[in-house]
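Numbers restart at 1 for each chain; the letters A, B, ... are given by sequence-line order, proteins then strands.
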Amino acid sequence: MDPRASDPDAPAAWPAMVFDAPVLRGLDARARREIAEAGRLRDFNAGATVYRSGDEGASFFIVASGNVALRAVRRGDDRESDLRAAGPGESFGEESTVGLGRRATATATERARVAEIPVHIFRRAAARSGKAEIADRLERALLRSATRDLLGTLAFTRDLPPRDLDVLLDTVVHRRVARGEPVYRQGDAATELFLIADGMVQIQTEDGDRLRVRAYLGRGDFFGDAEVVERTPRTTSAVAGGPSVLLAVPAKVFRELAAAHPALLPSLGRIAADQQAAQQLVVAAAAKNATQHVFRDLYRLQVARSLLVIDLESCVRCGHCAWACADLYGTARLVRRGDKMVARVDDAEDRGGEASAPQQLMLPNSCQHCENPACMVDCPTGAIGRDPAGEVFIREELCTGCGACAKACPWDNIQMAVRPVAALRPQGGPGEYAELAVKCDLCRGYEGPACVQACPTGAIFRLNPAEEIADVRAVLRGSTPDRAAGSRERGPFLVAGAAVAAAGIGLAGAVMQARLLWGPGRGVGLGAGIAAALGMLLLLAYAIPKRRIRGWMKPRAKVGEAPAPRAEAPVRSVVRPQLTAHLALGLVTLGLALAHAPWPPWARAGHGGALALALFVTSIAGAWTALTYRILPARLARIERSAALPEDFVAARRELSDRLYRDVSGKSDLVKKLFERVLVPYAKSSLGPLALIVSGRRLREEEHALRARIDVVLEGRGQERLAGLAELIRIVVELRALPAQRFLFVAMRVGLPLHVVTFGVATAMLVLHVALAVWRLAG
Amino acid sequence: MSGRDPNVTLPSGEAPEPQKPPAAPSPTLYAARLSDPRERAALPRERHRGRTPGLAEPTSDITRFRGLLAATLAGAGGALAAALIFPPDGGHVSPGPLSRPHEKAKLECASCHRAENEKAARTGQNDVPEKVCTGCHGAHPSTRHGHEKVRAAGAMSCSTCHVIHASDQGVSFSPSADPIRFAPGVEKTIGDLDFHPAKPATVAIPVAGSCARCHDPASASDPIGRCLLAGQERLGPARPIVCFDEHQAALPRDDLPRARGRDGTSTELGSGVCAGQHTQDRPVIWEAAREAAARVPTLERGGAGGAPGLWTGLGLAAAGLAYAAVRGAGAVSARKKQKAAKAPQKALLEPAARVRLPQINTSTCLGCYACVDACPYDVLEIDRYVAVVARPEACCGLTLCEQRCPNGSLVITDGEPIGDRPRLRGDLESLDVPGLYLAGDVTGLPLIKNAIHQGAHAASEIAKGLDGTRRAGGALDLIIIGAGPAGISAALRAKELGLTFEVIEQGDVAQSIQSFPRGKLVFDQPLDLPVAGKLWLQESTKEELLSHWLRIIRKEKLPIHQDTRMTAIERDGDGLFRVTTEPREGGRPTARMARRVLLAIGQRGTPRRLPFDLTPEAEARVHYHLSDAKSFEGKRVVVVGLGDVAMEAAIALSRQPGTTVTVVHRAGGFTRGKSRNITETKRLAESGRIQILWQREITAIDAERITFGGAGRASSTLYDAVLVLIGSIPPERVLRAAGVRTVADAANPPPA
């Protein structure tokens with residue numbers, strides 16, 4: 001944006017043309033002065049941009065001189081086209097009065113002078129100018145003007161002649177709906193047709209236990225036309241996926257329009273059908289093989305700019321991400337618990353921009369930095385801010401801890417925590433502000449988020465789902481820049497090479513030692529011993545800095561007040577290559593240890609034997625951990641319906657068995673009998689979970705297998721009395737999967753503590769061994 | 001909306017005609033199961049006011065490594081300490097233990113490792129110089145030709161074959177004891193070899209491994225093959241060498257002088273410490289040694305790794321202890337904290353004595369909705385960015401809002417005393433009727449959580465009062481009237497304390513909660529109130545809470561008599577209560593005797609009925625609560641009343657496909673209720689999903705039609721079900737009948 005072009009101290013310099021504009025006409029002198037004081041006059045050269053489509057805006061503009069053109073991408077087009085031009089005395093950018101971001105790009109076509117007026121200042125000035133009807137009229141004028149621009153971009157209205165547009169303008173009503181709020185329900189009378197100015201609406205039906213989404217509609221779409229034309233009650237429900245602004249067209253007006261333009265209805269039908277077919281193509285294909293696919297909450301993926309996801313097939317559930325966050329900030333702003341989805345994420349690097357195979361992704365509770373943050377809107381003190389890069393953050397010094405943001409976030413990504421003593425707090429007021437809202441701010445002060453950098457397997461990464469998840473992008477029809485997501489290339493070569501080297505060194509050492517050609521205290525054997533000792537020190541060096549996040553997180557350079565923008569390259573895990581090196585080094589060290597002392601080294605008395613013993617024990621624990629990290633996550637992901645923390649298992653089990661017994665009531669006798677004879681024994685079988693792990697089936701495959709077993713029992717009888725059986729099967733399969741999950745979890749989590757403790761013992765023995773060896777050699 | 005056509009005979013032409021919706025207009029893109037709470041949670045859904053902001057709690061991700069650092073340090077320290085306290089045989093610096101003869105000779109490190117000798121060792125030469133050994137043993141090097149050559153070249157010394165700390169093996173014979181086979185650090189008595197020389201004798205038995213530098217024991221052509229015993233091939237380098245004539249011929253020379261001692265300088269064979277053994281019967285002893293080597297070919301040090309195992313084990317044990325200590329301390333302090341948080345229980349046992357209302361400082365109020373969301377009764381609202389008390393009459397007097405206010409702008413102030421609450425002692429016993437206790441909503445203290453808490457408290461107090469007193473024959477310890485939250489909680493506690501008791505319930509268990517609309521979120525209190533035992537579930541739906549309770553009741557086998565109405569409570573002279581009950585459907589009354597009675601009858605009392613008698617056919621179609629809107633699918637339902645309960649029922653019914661909902665209300669508009677319900681009801685009425693008949697009353701119901709009157713008009717319609725939701729008769733009558741007086745009564749006794 002340009003710096004101020006005019007002197008703010010000279011409001012009188014505002015040309016009369018501005019206040020003669022229809023939206024400002026009738027204001028008294030005081031209101032004019034207020035507006036002129038708070039607003040500013042700006043000059044633009046020909047071709048200069050006033051604002052761009054998608055920018056945030058809390059002000060509108062009036063052209064004093066010159067000409068400004070508005071261009072926008074109309075719904076259904078793929079390029080910008082002219083919307084209208086604003087000449088002297090005309091206003092533009094009024095969509096801010098409806099609370100919308102800029103819907104068009106405004107460019108000066110010739111040298112122009114423009115007055116920018118903040119909306120809230122205008123409202124206050126107009127309200128104070130005495131007459132309520134003036135304020136009302138002005139507001140209406142603004143709204144009308146905003147609506148006209150909106151209608152110009154909508155598929156529904158773009159081809160209507162101006163006269164009909166005027167009719168529409170007079171009759172449409174703005175309606176705001178909150179997330180989850182129904183616009184109408186199945187069976188309601190069809191009294192209006194709706195145009196979506198902003199947000200997302202899903203068309204759905206409910207039959208008994210199932211909710212079926214029929215269509216996802218976004219900005220610029222329309223819905224509710226069929227029932228208006230047919231004069232029937234609503235056949236579907238329309239529910240806002242996110243806070244939306246709708247334009248409601250009364251049924252009568254719409255019918256008149258349709259009568260006047262016979263081509264309108266077929267064209268509308270065509271648009272809707274095309275859209276439906278396109279969505280069907282993408283969504284249904286994505287849904288075919290996934291029970292948890294990305295479209296469960298499309299709005300979430302639409303608004304998220306930086307969504308934290310964990311690839312469950314490589315996540316080893318170690319919790320380093322949450323732990324790193326807690327270490328850095330005192331409270332973890334990330335809870336590794338959340339919804340699971342199956343999606344294809346772009347991986348430009350590996351596959352030349354093509355989408356990868358579907359991944360099982362988990363969405364942990366961590367701020368996703370919405371395009372239009374509900375928390376920011378709800379904060380009563382303005383403590384939540386967003387910087388130009390889109391990072392949403394909380395200002396401690398303004399946060400009162402009232403919890404409004406935590407309640408506003410639809411995904412529970414903000415939590416309340418006890419305010420640390422050292423933290424800033426609001427000044428004044430009778431309270432002590434004991435609480436503080438905490439949420440992810442992408443580690444604003446640092447080069448990259450700690451969770452991503454600390455992940456030992458590179459499983460956690462941030463992405464912009466609307467751009468990087470192929471299916472979502474296709475449905476939203478957004479742009480398709482090829483940006484690389486977190487890298488997930490496998491790097492086992494180093495480790496494999498190290499294993500070969502270790503085996504070679506160890507074997508050679510064992511042979512030479514057995515032949516008494518090498519001895520621990522001389523020549524090559526001694527050298528191997530020294531190298532192994534150094535290796536152990538390096539292995540130790542992996543563990544300690546990893547736990548000192550604050551030590552290695554790189555702070556971001558500052559430009560004035562705000563942090564400098566980040567580099568475009570995606571943030572990678574810092575720990576992951578270190579872990580690979582650690583594994584390779586561990587193997588080589590083991591080989592060196594074998595070369596240093598004869599096999600079996602622990603058969604000897606004394607510190608040498610003790611060191612060898614401890615080293616081998618710790619190696620076994622480490623190798624176990626590495627192996628489980630490699631093998632088990634994928635197995636675990638197969639049998640998880642949502643990713644849980646180990647402390648949730650008890651509650652999950654109780655909840656599932658409650659649901660099971662609740663669901664079985666009211667079912668047919670056949671189902672009850674099957675429940676007793678097959679399902680309960682299946683769920684209670686103690687070896688069942690193990691069988692599930694061994695079989696390697698997904699939950700869904702297991703359900704099919706169980707169903708097949710039941711069909712064998714039934715021999716084709718009583719198929720008509722099996723209503724509700726599928727749900728029971730689902731629950732028992734999950735009940736069986738729970739202990740299996742727990743087992744895998746424990747298997748993955750038990751190795752590391754043992755490894756750490758035994759390595760501690762080994763280090764102590766190393767110190768003793770080296771000290772005595774040095775002492776002995778030194779005489 | 002009042003402009004709706006007054007002709008209400010349904011279904012009529014103009015009234016909206018809900019029909020079965022036509023087939024789905026388009027194929028399904030995505031289907032979600034609503035019964036799965038996780039899928040439900042992921043769907044876009046309305047978020048109602050009254051939620052609690054989530055508290056950040058450390059998950060196992062963060063706590064799982066707690067204590068690990070201490071454990072690691074303790075493990076390292078423990079292992080080090082163990083190594084220092086329990087050194088290996090021969091001390092830390094020793095390369096290993098000595099074998100029996102050297103051990104018995106009490107050799108020390110310095111005996112062999114003298115400074116001038118160490119130089120050689122340090123230069124990488126592992127073999128100790130010969131003179132170290134010849135000092136005691138005398139010089140009698142190998143007499144074999146090959147060995148002599150190598151020795152002359154300096155590549156062989158005593159310790160080349162007799163590797164002192166590693167493979168210095170042999171066998172000792174004694175005139176009296178059994179032979180002993182030995183190796184460094186290990187000895188084994190050979191019991192079945194009956195050989196006793198005249199004098200003690202020791203024969204060294206080197207191992208093949210020591211010769212491996214030059215010889216290949218596996219080769220048939222190698223001369224060493226003659227010194228090996230057959231059948232021991234698999235021992236490899238540990239194979240014993242049994243040529244004992246290495247250093248001399250079978251028979252010794254006779255003319256040698258005796259040696260002088262350990263540090264003697266004699267260089268003749270047969271001198272030194274072993275001189276005494278070089279006797280004539282050596283060939284016999286060698287034969288015995290060969291036998292010993294055959295019987296005990298190799299010696300494993302039994303304690304091989306003993307010291308390393310001990311140190312590592314102790315280190316790990318120390319680590320385990322430290323880990324347990326840190327974790328245990330953490331758990332103890334967490335429990336302490338929890339206990340401290342439970343401290344303010346007292347305040348929540350007793351209802352407020354005065355009307356308490358929030359007072360809001362409008363100049364500091366932020367308008368943050370914290371108080372609005374904390375209030376379970378929608379007392380507060382936000383108006384122009386500031387909280388205001390919108391429905392003072394509904395205020396429960398608890399300080400939930402005050403506690404949630406972030407900056408202290410809202411304080412609860414005491415007002416008028418409340419008169420119409422029963423007079424109670426602190427232990428919930430009635431002041432008027434000793435032995436009669438009250439708990440739950442009936443005391444004037446609202447909320448399920450408090451009821452649970454009060455019930456348990458009352459039961460404990462009753463048990464305390466009964467403790468030690470005589471149990472009257474045939475009388476129960478306790479009768480609990482009402483099986484709601486307070487009653488169940490009291491029953492659980494009574495069972496725990498071993499009282500004999502029964503529970504009387506006029507309807508079903510937890511009827512008031514069952515009558516919540518399906519799927520309603522039972523309030524999750526926004527504060528860390530004392531969690532009252534196992535009955536409480538955090539933010540659960542009504543179904544979840546109910547099934548949880550029913551499971552507990554089943555499991556604990558609580559004696560609950562459902563469908564049994566209590567008709568009278570009398571107290572006889574002995575202080576025993578006679579509780580008379582009868583089945584709900586009418587029948588013979590039953591009397592029960594009990595020493596204590598707990599009234600947990602709630603506030604809802606018995607639902608208020610229609611003011612006229614119904615025929616049995618009509619009665620079957622009249623309901624007094626809505627438990628499951630789904631069961632009315634496709635029915636024509638008339639709802640009587642427009643309070644919160646009625647509105648919620650009407651809303652739930654209107655969402656059922658094909659259900660026609662008509663609401664009958666006496667007044668001409670909305671008079672009370674939560675704003676959320678009013679807004680939704682209005683919306684539904686506008687869209688035609690609910691028809692509201694203002695200023696009407698039901699005058700008659702027969703099996704087919706229902707007739708409305710009022711406002712000077714009469715009309716009738718067909719119906720399938722009537723829901724009468726016009727409030728309930730408060731429980732005051734029961735209280736009064738039992739002799740419980742209210743605070744106001746006691747202050748101003750009504751004229752007799």
Ion pair check, A/Asp297 and A/Arg179, cut-off under 4.0 Å: yes
Short N-O contact, A/Lys407 and A/Asp378, less than 4.0 angstrom: no
Minimum-distance pair of heavy atoms, taken over all atoms of A/Met416 and A/Ala406: SD-CB, 4.1 Å
Max heavy-atom pair count under 4.5 Å with chain B, selected residue of A/Glu727, A/Arg749, A/Glu206, A/Arg317: A/Arg749
By side-chain contact (heavy atoms from CB on, under 4.5 Å) - contacts of B/Cys371 (at least two apart): B/Leu380, B/Ala387, B/Cys401, B/Leu410
Best-contacting candidate, B/Thr63, B/Leu316, B/Leu68, B/Leu684, against chain A by heavy atom pairs under 4.5 angstrom: B/Leu68
Under-4.0 Å salt bridge between B/Arg404 and B/Asp373: no
Which atoms of A/Glu181 approach chain B - backbone, side chain, both or neither, heavy atom under 4.5 Å: both
B/Asn407 (side chain) donor-acceptor with B/Cys365 (main chain) under 3.5 angstrom: no
Choice from A/Gly338, A/Ala190, A/Cys318 maximising heavy atom contacts with chain B below 4.5 Å: A/Cys318
Quiz item: cation-pi between A/Arg547 and B/Phe65, 6.0 Å / 45°: yes
Contact class of A/Thr381 relative to chain B, heavy atoms under 4.5 angstrom: side chain
Closest-packed option against chain B by number of heavy-atom pairs under 4.5 Å, given A/Arg336, A/Gln202, A/Arg659, A/Arg337: A/Arg659
Proximity breakdown for A/Arg210 and chain B, heavy-atom pairs closer than 4.5 Å: both
Residue list, side-chain contact (heavy atoms from CB on, under 4.5 Å) with B/Cys211, at least two apart or on another chain: B/His215, B/Ile224, B/Ile241
Top of A/Ala332, A/Pro753, A/Ala762 for chain B proximity - count of heavy-atom pairs under 4.5 angstrom: A/Pro753
Among the listed options B/Leu73, B/Leu550, B/Leu80, the residue most often paired with chain A at heavy-atom distances under 4.5 Å: B/Leu80
Portion of A/Glu734 that has a non-hydrogen atom of chain B nearer than 4.5 angstrom: side chain
Residue part contacting chain B, namely of A/Thr400, when any heavy atom lies under 4.5 Å: both
Part of A/Ala226 within contact of chain B (heavy atom distance under 4.5 Å): neither
Considering all heavy atoms, the nearest A/Arg185-A/Arg234 contact: O-CB, 3.5 Å
A/Leu211 versus chain B, the contacting section by heavy-atom distance below 4.5 Å: both
Which of A/Val617, A/Thr331, A/Leu645 touches chain B most, by non-hydrogen pairs under 4.5 Å: A/Leu645
Flag, side chain of B/Thr312 to backbone of A/Ala614, donor-acceptor distance under 3.5 Å: no
Portion of B/Tyr323 that has a non-hydrogen atom of chain A nearer than 4.5 angstrom: neither
Contacting region of A/Val761 [heavy-atom separation from chain B under 4.5 Å]: both
A/Glu655 versus chain B, the contacting section by heavy-atom distance below 4.5 Å: side chain
salt_bridge(B/Glu686, B/Arg683) N-O dist < 4.0 Å: no
Interchain contact, A/Ala322 with chain B, by part (heavy-atom threshold 4.5 Å): both
Side chain, backbone, both or neither of A/Cys405 within contact of chain B (heavy atoms, under 4.5 Å): neither
Pair B/Arg655 + B/Glu633, salt bridge at N-O below 4.0 Å: no
